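Structure first, then comments.
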Amino acid sequence: MSSLALSSAQQQQVRVGLGRVLIVEDEELIRETTGLALAEEGFEVVVAEDGLAALDILGGTLNPARKPAQDISLVILDLMLPGMNGLDLCRLVRHQGMDIPILILSAKGTETDRVVGLEVGADDYLAKPFGMRELVARCRALLRRHRGVSIQEPDPVLRFQDITLNPKECRVFLKDEEINLSPKEFRILELFMSQPRRVWSRDQIIDKVWGHDFMGDNKTVDVHIRWIREKLEADPSKPQYLKTVRGFGYRLG
Ligand code: CA
């Protein structure tokens, strides 16, 4: 067992959580090319040359030393392996209740093999020779299905007309231009963008942005709205985004 060396750019991607893939394959060339293709896509790659080594990594009970299982997100499993073959390993992994996606690889591209592979608990099957792009696509699809969410979940960015607000990065853009807001201005705009066209009273804005321990008066809101308008509006005296709703408060749009 060994880990492939990853470039720093690849490690960067690993940190955003594509997952760690275990490749179980006795043929070195296939092991290496498959590993590199997945590493280039941002997966972290762990390899095993036979079934017992794979079981060891997965923390199976055939291993008396019982090392703790590595956090493996997906197994790519060759069928013809020395020692324990791929089908037996797959069966054992499922028997032990490990709920991990398994993609079987085999030179035997027959229907029987595919069916047996799926029957012993594999999730997908790819016949050799296969293209790396297909392999990567299958891995992504398996992980997506397994996690029930996209593996590259987009940030929840808020948009209203030309304004884009990214809550995680605390950044606001008007078209392509970044707008620098103070933390309070940012929170006010975020509140408006979370529910466009909803009218917010000054007290509601204070409650949401400053909280209950706010000690000033609600003219503070007007001052902040003016500052936001100065940064955001083409003509702050005739706002097209943050509009005054006389007698009630403010609304976006
Ligand atoms: Ca093999």
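Bear in mind that the values here come from a model prediction, so they are computed numbers and not experimental data. We count ligands from 1, going down the list as the structure has it; atoms in each ligand are counted the same way.
- Using a 4.5 Å heavy-atom cutoff, the side chains of Ile23 and Leu105 are not in contact.
- Legend: protein N/O/S atoms lying under 3.0 Å from the Ca ion (ligand 1), waters omitted, number 3.
- Using a 4.0 Å cut-off between charged side-chain N and carboxylate O, Arg140 and Glu41 make a salt bridge.
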> For Asp235 and Ser237, what are the C-alpha separation, side-chain angles and deciding distance, and is it a side chain to side chain donor-acceptor pair (under 3.5 Å)?
Replying inline: CA-CA 5 Å; Asp235 180 355; Ser237 65; 2.7 Å; yes

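- Both tests do not hold together for Arg229 against Trp227: distance to the six-membered ring centre under 6.0 Å, angle to the ring axis within 45°.
- Taken to the nearest 0.5 Å, the CG atom of Leu22 stands 12.0 Å off from the CG atom of Asp71.
- The residues Arg31 and Glu25 are annotated as not salt-bridged, no charged nitrogen and carboxylate oxygen being separated by less than 4.0 angstrom.
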